[in-house]
Chemist: 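The structure's right below; bear with me while I get my questions together.
Order of the sequence lines sets the chain letters (A, B, ...), proteins ahead of strands, with each chain counted from 1.
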Protein chains: 4
Amino acid sequence: MSFLSDMLAAITERGRSLVDFTSLSQATPMEQTAALCHSLLSSRGEASALATASEILLRYRAMDSGGKLAFFRMLLQDFGPDMKPLVAAVNTFVASPNERAAEALHRLSEPRRQNLFRMLNQSAQGTAELIQMRAELLALLPDHPELDPVDKDFQHLFRSWFNRGFLELRKIDWRTPAAILERIIRYEAVHEIADWDDLRRRIDPSDRLLYAFFHPRLPDEPLIFVEVALASEMASSIDSILDPDRTIIATEKADTAIFYSISDCQPGLRGISFGNFLIKQVVEELRTNLPQLNRFVTLSPVPLFARWLSRHQIEDSEMDALSQPDWWHDAKAAPVLEKKLPALAAWYLTGPRDAAGRLLDPVARFHLGNGARLERINWLANTGNAGMASSHGIMVNYLYKLDEIERNHEAYASGQPVAVSASVRRLATGGARLLETTHTTGGKS
Amino acid sequence: MSFLSDMLAAITERGRSLVDFTSLSQATPMEQTAALCHSLLSSRGEASALATASEILLRYRAMDSGGKLAFFRMLLQDFGPDMKPLVAAVNTFVASPNERAAEALHRLSEPRRQNLFRMLNQSAQGTAELIQMRAELLALLPDHPELDPVDKDFQHLFRSWFNRGFLELRKIDWRTPAAILERIIRYEAVHEIADWDDLRRRIDPSDRLLYAFFHPRLPDEPLIFVEVALASEMASSIDSILDPDRTIIATEKADTAIFYSISDCQPGLRGISFGNFLIKQVVEELRTNLPQLNRFVTLSPVPLFARWLSRHQIEDSEMDALSQPDWWHDAKAAPVLEKKLPALAAWYLTGPRDAAGRLLDPVARFHLGNGARLERINWLANTGNAGMASSHGIMVNYLYKLDEIERNHEAYASGQPVAVSASVRRLATGGARLLETTHTTGGKS
Amino acid sequence: MSFLSDMLAAITERGRSLVDFTSLSQATPMEQTAALCHSLLSSRGEASALATASEILLRYRAMDSGGKLAFFRMLLQDFGPDMKPLVAAVNTFVASPNERAAEALHRLSEPRRQNLFRMLNQSAQGTAELIQMRAELLALLPDHPELDPVDKDFQHLFRSWFNRGFLELRKIDWRTPAAILERIIRYEAVHEIADWDDLRRRIDPSDRLLYAFFHPRLPDEPLIFVEVALASEMASSIDSILDPDRTIIATEKADTAIFYSISDCQPGLRGISFGNFLIKQVVEELRTNLPQLNRFVTLSPVPLFARWLSRHQIEDSEMDALSQPDWWHDAKAAPVLEKKLPALAAWYLTGPRDAAGRLLDPVARFHLGNGARLERINWLANTGNAGMASSHGIMVNYLYKLDEIERNHEAYASGQPVAVSASVRRLATGGARLLETTHTTGGKS
Amino acid sequence: MSFLSDMLAAITERGRSLVDFTSLSQATPMEQTAALCHSLLSSRGEASALATASEILLRYRAMDSGGKLAFFRMLLQDFGPDMKPLVAAVNTFVASPNERAAEALHRLSEPRRQNLFRMLNQSAQGTAELIQMRAELLALLPDHPELDPVDKDFQHLFRSWFNRGFLELRKIDWRTPAAILERIIRYEAVHEIADWDDLRRRIDPSDRLLYAFFHPRLPDEPLIFVEVALASEMASSIDSILDPDRTIIATEKADTAIFYSISDCQPGLRGISFGNFLIKQVVEELRTNLPQLNRFVTLSPVPLFARWLSRHQIEDSEMDALSQPDWWHDAKAAPVLEKKLPALAAWYLTGPRDAAGRLLDPVARFHLGNGARLERINWLANTGNAGMASSHGIMVNYLYKLDEIERNHEAYASGQPVAVSASVRRLATGGARLLETTHTTGGKS
């Protein structure tokens with residue numbers, strides 16, 4: 001790749017002498033940038049196109065956030081489809097609605113932005129720069145929903161470029177280049193990696209593995225990764241997994257693989273889903289290389305449980321203890337809450353739905369939609385501050401059972417009840433009842 | 001890549017058990033295949049989708065040519081855009097022709113074939129199989145022009161997947177894996193490679209180089225390659241380049257790189273142009289690694305010259321010698337023809353245009369359109385049977401002058417006269433006059 | 001490695017300017033070379049040492065065979081141990097025969113040739129050149145046994161440099177660089193590889209494998225390789241293994257690995273044994289990757305059988321048929337010989353010993369000494385001209401049974417009877433009796 | 001390599017079942033170990049030899065330091081040359097002192113330890129374990145000089161195995177596997193690397209490089225490495241080189257390469273010199289890749305200067321300031337000392353010799369012996385605690401001038417005056433005079 005980059009840089013450099021950037025000097029900077037974009041779309045020479053693309057990206061990078069907003073607005077207004085020929089094509093279609101007319105419609109209704117992005121992509125660091133550009137667009141989108149069509153164009157192209165067929169699964173270990181490991185430290189989003197020693201504890205011992213997806217055009221940039229612990233039983237607590245003083249077991253002694261952390265690395269690729277396929281591919285990889293493994297399970301957070309619970313005004317004095325700091329060290333309160341919280345969590349994860357008919361918990365949606373089964377609710381599984389605050393310390397196991405995955409997946413997709421173990425089903429029933437009997441004024445869902 | 005293939009194969013295998021292929025048993029084979037395609041488009045599970053895609057490709061491969069024709073017809077008829085929602089979107093657009101309505105048009109006018117191809121692409125050898133499928137479609141197209149929309153969909157996807165940003169330039173030499181070298185032997189289309197010894201003479205000596213483009217998903221399949229001879233002067237004859245007994249010169253003695261053969265390897269990628277960029281990238285590569293090189297030139301065939309000439313009934317008894325076998329060994333005829341044929345070739349290459357306003361010679365169109373200059377006409381440069389039959393033994397040099405390429409390219413694209421050396425210009429003028437004065441009934445063009 | 005070579009070449013080049021080669025001009029060429037060798041041993045600078053070593057090797061290469069003989073004689077006479085200090089050390093030892101005195105003896109009795117070879121080895125292609133030098137010495141040795149001490153020094157150093165710990169096992173297949181495959185074709189010594197197609201048939205199909213040992217300093221030079229056929233039974237004929245039209249079986253269908261050809265590649269490394277360890281390492285490699293394999297067996301020639309047999313004047317008219325060409329197509333002679341030849345071969349392989357107490361057949365010595373068992377004698381197993389001439393078409397299987405190898409090896413080493421199957425034992429007994437009863441005047445052994 | 005290790009481990013495992021370790025149970029542990037060593041020397045089977053070697057190394061590792069001392073004594077006493085045949089060979093030689101008799105002497109005077117080490121070396125981690133074993137022997141040697149013959153055997157074998165021809169130079173950067181980088185942090189012996197951020201500052205910026213030598217059998221273990229700073233002038237202070245806030249310059253702006261740290265990594269390889277060749281090879285590498293560099297210089301410590309100076313009772317009140325803490329911040333003392341200390345250092349580095357006729361400073365011996373020139377004395381170049389304590393803050397530049405290296409090297413080796421710049425020569429003369437005039441009772445040299 002670096003060879004290709006060097007070549008592109010050399011050609012770009014040669015092209016700069018061919019493009020007359022000075023003619024732009026009378027316009028405002030944004031008018032100049034727009035002129036460059038138009039010029040790029042109509043350019044014919046390799047080198048001048050590369051030089052123009054590179055100049056546009058340089059200018060973009062130098063903009064402050066106001067400038068970037070203006071840039072995206074310019075893309076929205078100036079680089080949609082060309083309306084005049086499109087209207088003509090529509091008229092032709094109305095007169096005679098056949099396949100040929102549809103083809104013309106399709107061609108002419110494509111926003112010119114897409115071609116612009118394709119040409120920007122050809123410059124040396126093009127793909128990385130466009131991912132960054134979209135990340136900044138996504139940050140603006142909540143306040144500027146009118147920019148959504150620009151994002152749609154990014155999505156369309158990224159889906160094609162990051163097609164699963166192009167992704168490469170790599171095992172990350174202590175022999176991996178530091179340039180990549182450094183990014184793993186930075187991108188871990190679920191259970192923070194404190195430093196290089198902490199990282200080593202997650203990739204070097206015989207019972208720890210880490211896998212990541214890469215794309216050929218971004219050879220040092222992981223797209224998504226998953227951390228795996230090998231064990232002889234289903235883990236019930238993240239604290240025990242991350243404990244620096246835990247007992248390391250030999251690879252061949254393990255029969256269970258625990259996926260305890262999945263992190264997306266590229267905000268600019270949001271919505272271009274990889275996680276789904278990553279888990280399945282890692283399962284196949286592990287089954288091939290470590291045939292003694294017979295259980296594949298996650299240890300997952302329940303991120304919105306505490307928030308959901310707080311919205312219900314539950315009239316249950318026993319649960320008031322939750323508002324005390326460190327209630328879980330309280331010998332009286334803890335056993336009581338241990339009877340109630342897991343049941344409520346089980347219900348929260350599997351019962352209520354939002355307006356769109358979806359489960360409330362995003363992690364549950366991901367794994368259950370992916371074909372896993374909610375296997376177990378774990379009490380006091382994450383006693384860190386964040387874990388106690390977001391989920392009262394509860395974590396859960398989703399079980400990927402190979403001969404059930406597809407069936408669960410199809411069942412979930414067609415709206416049937418979610419797959420749960422018998423014990424979780426009992427808990428959830430209890431949780432639902434508890435909620436009915438105790439809360440007076442319903443919170444939202 | 002092979003790892004990914006294994007994984008895909010394993011998942012596919014698992015998926016087969018989930019898809020009920022027997023339910024298809026009552027329909028005709030083509031109805032079954034169509035049903036599988038519909039099922040693929042609506043499938044939700046990873047594994048069942050992969051199994052279905054794999055089954056479709058298996059069935060396609062097993063079809064005879066009649067079956068494949070029927071398959072493409074089925075794709076044409078059943079997998080265009082869904083007309084009903086498209087008509088509705090058109091009506092919305094007519095009522096209010098804005099960007100949002102255009103976006104709907106664009107989305108709904110996309111033929112469903114494209115998504116079908118995207119999903120077939122995800123199976124283990126998907127990309128290679130689709131390239132093969134298109135090659136077979138292209139062979140049918142002349143007799144079945146109505147299938148053109150299916151080809152358009154292939155083109156659209158291949159342009160995206162084989163985007164230059166994904167291509168990788170590799171030097172091919174005697175340390176390259178045999179699996180790749182074997183394909184180089186098979187794919188060489190200009191100057192046939194007789195056997196492994198012949199191949200070695202083209203990649204192993206210090207004054208011979210070969211570069212190819214690869215795609216990450218087809219790691220052993222060259223897409224296009226170029227053969228380069230290093231020399232201390234512009235070559236005037238292919239015979240001397242391919243001579244097994246020629247004197248090998250040291251790399252550092254050379255100042256000229258001669259591109260003497262460019263071969264496209266994948267008929268299924270016809271029209272997805274790589275050659276243009278390949279030459280420029282190889283020039284940059286050579287300039288970086290061998291800074292002593294200062295001339296980059298081709299030694300190219302003139303493939304249609306003899307055919308063109310034969311269409312003109314030239315009344316010139318001196319040229320009747322051309323119909324004798326081995327006229328070029330005839331001490332009387334040869335000197336006379338040496339005065340006339342190069343001039344006619346120069347004119348043929350630069351003067352006459354076809355109905356679409358294009359130069360007649362496809363190789364000339366490629367290099368001149370690419371920014372090169374027609375530098376020299378070489379007499380008796382290729383005295384093999386094929387060379388004598390197609391071009392009366394003439395070959396030409398196109399010169400890639402770094403600081404002219406872009407200008408020539410732009411000039412060519414805007415219809416200005418093609419770039420030629422002074423001597424070629426004189427020859428062409430002579431050739432035009434010769435033609436005027438001697439031929440009575442004009443041939444076409 | 002090539003990087004290291006470049007560096008050495010650059011340093012050598014620099015060193016040339018420092019060494020005054022002209023001062024040598026008055027002596028004879030061999031005196032000059034001797035002077036360079038002395039100068040190398042006493043040189044102190046890196047660069048001048050490299051330049052001197054390189055000059056010596058250059059001169060050696062340019063010598064004709066008479067010159068090389070003189071060169072080795074010069075090494076013998078001028079570069080043995082320095083006798084004067086050695087005699088002094090011997091006297092010290094005689095006076096007081098302790099460890100310290102022994103150490104001095106050891107140091108001073110080392111021929112100076114060894115240090116000379118060590119310094120020659122440091123030049124860019126040093127190792128390869130020294131291997132070539134020894135190959136040429138070995139060719140001279142039969143007529144010049146006095147050069148044996150020079151060979152002893154080569155052996156001593158090569159044993160250290162080609163210590164097993166430095167060897168690297170590589171699988172050779174159709175993805176291997178052509179530069180290596182070309183050598184495999186050239187070096188195959190048992191069953192000639194006709195061309196690249198023949199090579200491909202031995203490394204590309206799912207039931208064919210080839211493994212070679214390499215040394216880090218000679219990355220493209222195989223040292224020894226073994227060809228393996230996977231099958232579902234013990235092969236009884238090389239013709240069926242090499243048949244281009246045979247049925248290929250899937251890897252996972254095989255339960256037997258047949259080692260049908262082992263070739264040493266470097267004549268200059270004769271006596272530095274690798275074959276022993278190669279077979280065992282390949283067995284481990286196969287067991288790890290293809291656990292379904294449960295039988296490891298050779299298909300081996302019996303190279304000296306026909307010669308041995310001809311030395312016995314056997315008075316048996318039935319065996320006279322052997323002198324007819326193509327006797328094995330003779331419907332009368334063949335069945336008779338089939339009863340006698342295998343028995344004689346079994347006896348030849350396991351019974352008679354030479355003056356040194358060794359088995360007569362070198363291949364038998366290798367495999368039986370290596371721990372294998374002589375399992376089966378195969379009739380008409382190699383009907384090529386060479387096979388019929390050397391062994392009347394007989395080949396044999398040596399079986400490597402994992403839990404027997406060490407025991408057999410130890411038994412063989414301590415002079416116990418060789419390991420054979422029951423059926424081979426019966427045959428051998430019959431062969432011995434046949435010989436007793438039929439031959440009148442004994443041949444040697 | 002890891003593949004080879006796996007194979008060796010598998011064979012070893014198989015061998016364990018063949019060796020009857022229980023028969024050893026009656027002896028003391030050290031008697032058992034000695035018996036295993038004898039058994040290894042006489043073993044015939046591959047597997048049993050590997051199992052025995054592995055068992056010996058296991059037992060060695062488990063010994064406490066008393067046990068290890070006993071182990072080395074056992075090697076000394078039991079595994080020297082076999083005296084009986086050696087005495088016979090000596091007698092033969094005395095009777096007839098020829099080459100053949102010398103060869104026998106050489107063979108029989110080799111301590112059996114060498115063969116023992118060769119066989120231990122063949123086990124999976126053999127080389128690494130022997131290096132560790134020698135490191136522990138070296139630590140015992142000062143108190144147990146009688147063990148020196150054992151060390152001699154290690155040296156002899158290591159010189160052969162770590163022959164320059166086997167070493168591989170690698171560039172270490174931020175893309176290097178973390179397993180190697182971690183060792184770089186650990187092994188840096190001159191200017192400590194504080195953490196991963198500090199490491200990154202030394203290998204990632206465009207003006208910092210690090211090169212290391214590796215051996216094929218120890219692929220993740222650097223043997224020695226050198227750190228290089230690129231600059232546009234000869235550095236006069238380590239503080240400025242290591243400053244985290246320094247200005248980074250572009251590679252192509254630099255004309256000087258500064259070798260500011262060289263660290264040996266393997267105590268067990270002490271005396272097997274690599275540094276000499278490392279510097280020269282890195283110089284060639286830099287010259288090839290960065291032709292704009294024209295100055296190669298070290299920034300080196302003067303480790304024993306302060307100790308040397310303190311041994312002279314200098315009667316110079318101005319120099320008493322040296323005993324104050326932080327004297328270099330004292331506006332009165334500092335300028336005075338700046339006049340005297342550099343001169344004394346110049347003299348210390350180039351003038352006095354020890355009993356063996358060698359320069360006093362080990363770093364000076366290394367670089368001057370290597371062909372460099374002492375170019376400059378730098379005042380207040382290392383103001384860290386260690387630097388002030390050992391050398392009063394002085395550091396020096398040794399200049400590697402390509403066309404002088406060999407000449408200087410030869411001159412040094414033949415005892416001529418060391419190579420110094422004119423300014424250093426003047427300083428040294430001054431320093432010598434200063435010493436003469438001021439000190440009364442001479443310290444040792």
Chemist: For chain B, which candidate among A:L105, A:V87, A:L157 shows the most heavy-atom pairs at distances under 4.5 Å?
Modeler: A:L105
Chemist: Give, as side chain, backbone, both or neither, the part of B:E103 having an atom under 4.5 angstrom from any heavy atom of chain A.
Modeler: side chain
Chemist: Roughly how far, to the nearest 0.5 Å, is NE2 of A:H106 from CG of B:L108?
Modeler: 10.5 Å
Chemist: For the CZ atom of A:R107 and the OG atom of B:S109, what is their distance to the nearest 0.5 Å?
Modeler: 10.5 Å
Chemist: Mind checking the CZ-CG spacing from B:R217 to A:L167? Nearest 0.5 Å is all I need.
Modeler: 10.0 Å
Chemist: Who pairs with A:F296 by ring pair (Phe, Tyr, Trp, His ring centres under 6.0 Å), at least two apart in sequence or on another chain?
Modeler: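 Expected list: none.
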Chemist: Compile the donor-acceptor pairs under 3.5 Å between side chains in residues 92-100 of chain B and protein atoms, sequence neighbours left out, one pair per line.
Modeler:
from  : atom 1 : to     : atom 2 : distance (Å)
B:T92 : OG1    : B:A88  : O      : 3.0
B:S96 : OG     : B:N98  : ND2    : 3.3
B:N98 : OD1    : B:R100 : N      : 3.3
B:N98 : OD1    : B:A101 : N      : 2.8
B:E99 : OE2    : A:R113 : NH2    : 2.7

Chemist: Which residues in residues 147-155 of chain A have any heavy atom closer than 4.5 Å to a heavy atom of chain B?
Modeler: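 Within residues 147-155 of chain A, the residues that come under 4.5 Å of chain B (heavy atoms only) are A:P149, A:K152.
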Chemist: Under the ring pair (Phe, Tyr, Trp, His ring centres under 6.0 Å) rule, collect the residues that match up with A:H156, sequence neighbours excluded.
Modeler: none
Chemist: In Å, rounded to the nearest 0.5 Å, how long is the span from OG1 of A:T127 to CG of B:N163?
Modeler: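 If we round to the nearest 0.5 Å, A:T127:OG1 and B:N163:CG are 7.5 Å apart.
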